[in-house]
Each structure stands twice: as structure tokens, then as C-alpha cells.
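Within every chain, numbering begins at 1; the chains are lettered A, B, ... in the order of the sequence lines, protein sequences first and strands thereafter. What you see is a predicted model; the values in this text were computed from it and never measured.
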Amino acid sequence: MLSKKATSLVLLVTLLIAGLSTHAQSPQANTERIRQLREEITKRQTAEVPADLVELNRSILIERRAELRTLLKVEVDNLRKHRSVLGSLITPQESQKIDESLQTHATEIERLGIDIAKALEADRTPQAKPAVSSPTTSSVTTSSATENATTAPSKALEMTAAASDKKVNLTPTNSGVPPARSDVKLDVLPPVPPAQTNSAGTLDCDGVLKGTKTASELDKIVCRMATDIPQHRSLGQISQNELILANDGFGLMEILIARRTTPKYLVEAEEVRLDKQVGGAPANTGSTSLVLKGGVPAILGFAVENGGLTQSVNGSSITFRGNPVGMINAFRNLGFVTSTKADENDPILRFLKKTSFAFTFNTDRGSQPGVFTATKQQLSSFSTRFELINRRQPRLYIKDWEDFLNTKAQNLANVINATQTDLIDSSSPGNERWKDPKMQAWFEETQRQLRLTPDGELSSVLQARLDQMPVKELLPATVQALETIEQALGLYMSGRDDVLNKINRGTVVTFEYLNKREVNAPDTSTFNFIAEKGTGGGKVDFTFNGSLTMFNNLDALRTFVRLNPTLPPARRIRDFQFAGQIDVPLGSPTEFGNFVLFAAGRYERLLQNATTELGGILPATSGDIAYLQAGFKVPLKGTGFKIPVSVTFANRSELVKEKHVRGNIGFTLDLDSFFARFKPF
Amino acid sequence: MKKLAAGAFQVKDGEVITVEVKSTGTTTLFGVNFSIFGGGSPLTEGEPLEVTMDKSKAQGNSTVPNAKSTPMTLLFSFTSSNGGKYGLTMTGSEAGGDTYNDFANQAGNSPKAITYTFHIV
């Protein structure tokens, strides 16, 4: 039985081979096949089909239309490539012929899509002959599965990538699909909304804009442009897919700047920062894959999917974290809670916003080790947190934000406004033009191609056009205007960073109660104070913990002591601890990212003799325990590799009274950063 | 105010253009600046922006008969990491004019700028 990752890889290779074989056909073979398919479709549509062959005929029609649609899309690609290759050598007649062909193909592709959808709907209606086990039904199902398989590999890869970001989606495995059949054609269904498409070699704009994919500012600007176009159309601002200079002009200027001078803030891929956002988020470690069963796990998965909970995995432990207000909002968004928007000033709401809860399941426990059943047996701990102080709320920094708006933001707005007339001729409404002739030629061609592009492919067309930007052929006046904007934009970005860094370094003090449920050892309750603050001009981060741990129930310990009279009587308080850590980011050498130097220390006073996992008590183990750790993390910028190195000294452990010194070195690899490094603009 | 094309408007000299902006996406500190006629300032959340069109200050040419053109830039900033969005509505003080709706979506850390062109007659 293949693992999920292996299955995804097989699907991906199968689709790649199918796609390559489709693209590998010569243009003449394509044209001939298109002719044959049109002829067959016409005959099948107009023929008087015997009653017992109607459904089979419909199924074959779906397949033929899907194949024709795919081949027409190949033709569209070939026409665009031909135009791109010829560039300025193309004659007006050729260009017109290409436009006409593209328009014809686009119309036919759309019509085929509608026909396919209608045919599928006809198959699903009660009037359709029942054919639960007929080849027709199975082929339709498989076709749908193939369409899903087109997206399933990317979803699987997304889950794998998400795992490297230390979060795993709990989508049940039955949302996966059977392996693709080699005889099933691609592209059966009508176009899906842009958010669901992710053709190989293009940006996953949905992931990029949501911040779940590593991407540079440049990628985000391109994705925003592509996703804005359909929205402009829906507002009635434009009647076909095209850029609007008023709205997209500045984005194009940023792209020109990025491609000319590659300023860091535009071209560096920003790693997904799941562990640190304004307002804070829990840190996660490790990842694994688990078999999911129904019942409570499905509800938890449902809550995770709909934003009510977040989930993290560490070895065989899964932790769910949530906030009462977040849960309510998640269910409200789904329509389960119908109420007007909660009053933000409601005191109960404000209190609930400061609380959070978490519960951890250990999948090694229970009657089915390795299977996540979310039973009480597997519940290894639950905790609740309350924010006593949170100085990381943006609203506390309004003055700093307003200062930024009044200075650097206003400067950028003024510069953009002033240079607008240097770059763009807006004298003729509806016919705004770049003053730079090379830019205008590029812009006209881009508009022409966008007008022929369906919504789902806008980002790929835009990306392709950006490769043709005349970056090195601009007029001196254009360059000068861009440099002025670049300077103002650089000041803006650094000013914004300063404000956000200040917010992220604010003091946070949290109280946490943790209840740890052991299998054999006694359960414990820990009361923990956590304080975190940025210092040193916002560069140094300091964290302090103070905690007290108590046994919930002393019966087991008292029984053990009765059987071992030499041991002192069991007492309620187990230990108290103090810990502190300091993180210092160091400057970045050219080839490396930011080093982070860290040092941590912990003091624990074990008031009781240590207890083992089996519930036993080890004599003469109470006392003081001290840990010191120092190290640094070396990220290799843009490669995705990080190398943590540390040395730990301890005078003893809880169970063994011996000094030890341990060195640790390792590496982690974030595949998103790795691929972002080698991705062209 | 009369919409001539996407982002281009015909207005009368002295007409007051009102722009209302609201944050409609992920929670962000409100950050919108405007610039026209060589000056500008940040907008205050909840308060509409009112700009009086002054033909004597417009310096651009226009193919609209007897008009001069001038750009107005709106710069939208976000403190959120993603999902930020502003919606805006623009109207003119002249009766019977058009209402123009637009939006500004966040793309990472960089701001969104929209520059409208007003042809002042």
C-alpha cells in the first residue's frame, strides 16, 4: 500500500506524462485530431442514438469534448508562443489572424465547457437511467476524480509543504482520489475558479496572497494584479480582462523597479513566519502523518479547517489550540450561529479574547497506537492561557503609525502623484498611455493577450509578459522617475518595518494553567507565568518563565511510600522553576541570512523525589537542577537550510544526579524557501 | 462627476469630490493618504475626504474640450500580514453625477496606490 506521499508522486508523474504527451504532438497532428474530434462530436450530437446506448454515447461525448477542449488550449498556447517568438517581426496580418483564431478558440472552449457541464448534470439527474455500476458512471466518476487528481497532487504537496511549516491539515483521507486511469482525458470539467487551479510552473496566487506560500513582494504584486482583474470587471469598471493604469500603474512601476535594481524589500522571498505575527502565535515543532478516523477527530478537523482551531504536531503528539471568540466566529461564518456582529466593547468578549485553550493528544496511547482517535485515553494534557498584559496590539501604537503616515507614507503618495505625469499620459480618458514608447508597446501587447485570457490563467499570462518587460530599453526620463519612486518606496518600507517591529517587541505577560495526564505516574497541574519583551532597540528578545507544579492526586504516591517506608512522605507541591532566554539577531553576512545567537538558563527546585513514568519514586533525587544552554542558528539565506548549533550544560537531570554536557547540531530544510531561491522573477 | 473611463472622470471647476474609504478585510490600522495639487495628508478613519477641484491648479492636458487634467493619488497601507482590503466610494457634488466604487487589496508589505485623473472643465 503506497503512502500518501508516494501516491501523490505517482499521480503527479502520471499527469506530467499525460500533459507532456499532449503537448508533444506536432501542430499538424493536433490540427488533424481537432478536425476528427469536431466531426465525431457533430455526428454523435445529431445521430439518432438507440435508447440503450444513450448514456454510453453521452459519456463518450463528454470525453471527446474534453479532449477537444484540451487540444484547443494547446493551440491557444502555440499561437501565443508563436507571437511571442516573433515579437516585433510579426506582421499586422499575422497578428490579426492570430487574434481571430484565439477568439474563435476561446469561444469554442467556453462552449465545450458548458456542454460538458450540462452533460454531467444530465447524468446526475433522476431522469438519467440508473447505472450505478455501468462504465458510463464509473468513467464520469473517474473523470471527476482525474480533475480532482489534477488538484490532489498539488494539495498533497501543499500539505507536505505545510507540514514543513509545522502545521498539518486534518482533511480526512477519503477526500483523496483513486489513482488516475491512463485512458481518462484531462480537463473534463468547465474552468474552475482561479483559487482552485495551480498549473505547474505558475504561482499559487491563492497561497501567496494568503501568506501560506513563500513569495517575494514581486510575486505578491503580480498575484494581486491577476486577482484584481475579475473584481474590476464585476464592478463594471472594465468589460474584459485587462489592466487599468489608474489601479495597476503603480504595481507595474514597482515591478520595473524590482527588475531593474532588485531592491531587497521587493525581491527577497519572505519565509512564511508562522511562529511570529502581530499578536503572537504558538511555536510548533516537528511533523508526522497520521491515520485519521471519524467521530471526534472529524469534528476537530472540521474546526481546524474552518479556522476555529489551529493544530500542531510534535512526534506522536497533536496539539489543538483555540480561542473562544475564534471558535464562535468560525461557526458564525459558517452560518451555524446567526447573530449580529458582536460588540467589540463588550466586556465579556474582551475577556474571552484574551483567553485561549489547548489540548494535546498522544497517539501512542489507547487501544490503537498510532491511530488518532481523540479519546480520553489519548488526551495527555489540556491547558488554558490568559493574557495579563499584551503590548503587541497594533491599536496601542496608533501614534507611531500616524507619525509614519504623516511622514514617509505621505512622501510616497506625493512622489507617486508628482511623477505620474512624467510616466503616463492621461490626457485622453480611456486611452491612458505610457510616455515611454517601449513600455507602451509592451503594455499594448500585454493588454491584447489579457483580453483573450480566462480568469484562471491571468497570473500565468502576466508572469510570461513580465519576462518581456523592456527593462533595459527605458528612456532616461523614465529611469529617473522610477529612481525617485524607488527612493520614496524604500523609505516607506523601512518606516513601516520600524512600526511593526515595535509592535512585535511589546511586552506580553501570560498566565497558563497546564494539566498533564499521565498513564501511570500521578497527574500534575502546572501554573506558569510567561513574560516576553523585546529590548535593545527592538533587536533583542527576552523571555522569562516562572512555574509551580503540583500533584493532582497523592493517592498513588502515598501507596508507593507506604510500600517503601524509607521514603519521605509525599507532598503536594512537586517543584518550582525559573527560566530565561535571550535571543539576539546578528547582522547578516552576504551569503547568509540573519544569525540568531541565543542563551538560555533554567533553575528547577525539585521539592519531591522524582517520579518515573511508571509511577515509581526514585529516592534521594530531590534538590536543585540547573541548565545552561548557548548556541546560534545559522540560516543559509534563500536555500531553506537552517543549522542550529548549541551546547547544554546541566548539573544533573531529574532522574540521574550526574553532570552532563551535551552538544547539538542539526539542520532543517524548508522546501518552499529552497524552490523560491531558484525561481526567476 | 462623470465617469469617462476606469479611473478617469470629468468634473466641473469648483466641484467637491467626496471619497469615503473603509477597511473591509483583515484587521489593520487604518492607513490611507491622498495627494493632489502638490499636497495632501492622511485620511481619518470614518471621515470622508473632500477635495475641491480647482482648474487653475490643474497642469495636465486633456482631450476633453476646454478641460485641464490633474491626477489624485490615494495610497493604501496595511499593518496586517495579508488579507487587508479597503473599499472606496467616490461621488461629486454636482447633481446627477456618477458614483464610482473601487477597492485596494493588500499584496504583502508594499502599499497599494491608485491614481485617478480628473478632467476639470
query: Relative to chain A, which of B:N101, B:T63, B:I36, B:V32 shows the most heavy atom pairs under 4.5 Å?
result: B:T63
- prompt: Taking C-beta and beyond as the side chain, do B:N105 and A:Q231 meet within less than 4.5 Å on heavy atoms?
  reply: yes
- request: Tell me, for A:I416 versus chain B, whether the close heavy atoms (under 4.5 Å) come from the side chain, the backbone, both or neither.
  value: both
message: I need the minimum non-hydrogen distance between A:A246 and B:A6, along with the two atoms involved.
response: CB-O, 4.5 Å
message: With chain A as the partner, which of B:A8, B:A104, B:G40 has the greatest number of non-hydrogen pairs under 4.5 Å?
response: B:G40
message: Counting only heavy atoms from other residues, nucleotides and ligands, does the tally under 6.0 Å from NZ of A:K502 exceed 12?
response: no
message: I'd like to know if the side chain of A:N417 reaches the main chain of B:P71, judged simply by a donor and an acceptor atom lying under 3.5 Å from each other, with no hydrogens or angles considered.
response: yes
message: To the closest 0.5 Å, what do you measure between CG (B:N33) and CG (A:N406)?
response: 7.5 Å
- prompt: Would you say A:E217's side chain and B:N109's backbone share a donor-acceptor pair under 3.5 angstrom?
  reply: yes
Among the listed options A:I238, A:L412, A:T421, the residue most often paired with chain B at heavy-atom distances under 4.5 Å: A:L412
- request: Compute whether any side-chain donor of one residue and acceptor of the other, for A:Y397 and B:T79, lie under 3.5 angstrom apart.
  value: no
message: Is any side-chain heavy atom of B:F103 closer than 4.5 Å to one of A:D228?
response: yes
- prompt: Does atom NZ of B:K12 have more than 12 heavy-atom neighbours from other groups under 6.0 Å away?
  reply: no
field: Full working for side-chain contact (heavy atoms from CB on, under 4.5 Å) between B:K112 and A:D248
entry: CA-CA 9 Å; B:K112 168 77 177 185; A:D248 301 311; 4.1 Å; yes
- line: With chain A, the option among B:K68, B:Q10, B:Q106 that has the most non-hydrogen atom pairs under 4.5 Å is B:Q106
query: Who wins among B:G108, B:G7, B:A5 for the most heavy-atom pairs under 4.5 Å with chain A?
result: B:G108
Top contributor to chain A interface from B:A67, B:G39, B:A113, B:P111 [non-hydrogen pairs under 4.5 Å]: B:P111
Chain A contact via B:K3 - which portion, at a heavy-atom distance below 4.5 Å: side chain
query: Measuring from B:F78:CZ to A:R496:CZ, what's the distance to the nearest 0.5 Å?
result: 9.0 Å
CG on B:L74 to CG on A:N247, rounded to 0.5 Å: 10.0 Å
field: Portion of A:A409 that has a non-hydrogen atom of chain B nearer than 4.5 angstrom
entry: both
Top contributor to chain A contacts, counting heavy-atom pairs under 4.5 Å, from B:I114, B:T115, B:T70: B:T115
Donor-acceptor contact present, side-chain A:K220 to main-chain B:S110, <3.5 Å: no
message: Need one label for A:L235: side chain, backbone, both or neither, based on atoms under 4.5 Å from any heavy atom in chain B.
response: side chain
query: Is the closest side-chain donor-acceptor distance between A:S427 and B:N61 under 3.5 Å?
result: no
query: Any side-chain heavy atom of A:P429 sitting closer than 4.5 Å to one from B:V64?
result: yes
message: One pair to check against side-chain contact (heavy atoms from CB on, under 4.5 Å): B:S77 and A:Y492. What are the steps and the verdict?
response: CA-CA 10 Å; B:S77 303; A:Y492 171 97; 2.6 Å; yes
statement: Bottom line for B:T117: the part with an atom under 4.5 Å from chain A's heavy atoms is side chain
message: Given 3.5 Å as the limit, does a donor-acceptor pair link the side chain of A:R395 with the main chain of B:L29, or not?
response: no
- prompt: How long is the span from the CD atom in A:Q420 to the OH atom in B:Y116, to the nearest 0.5 Å?
  reply: 12.5 Å
Backbone of B:F34 reached by a side-chain donor or acceptor of A:Q410 within 3.5 Å: yes
query: Between B:S80 and chain A, which part of the residue has a heavy atom less than 4.5 Å away: side chain, backbone, both or neither?
result: backbone
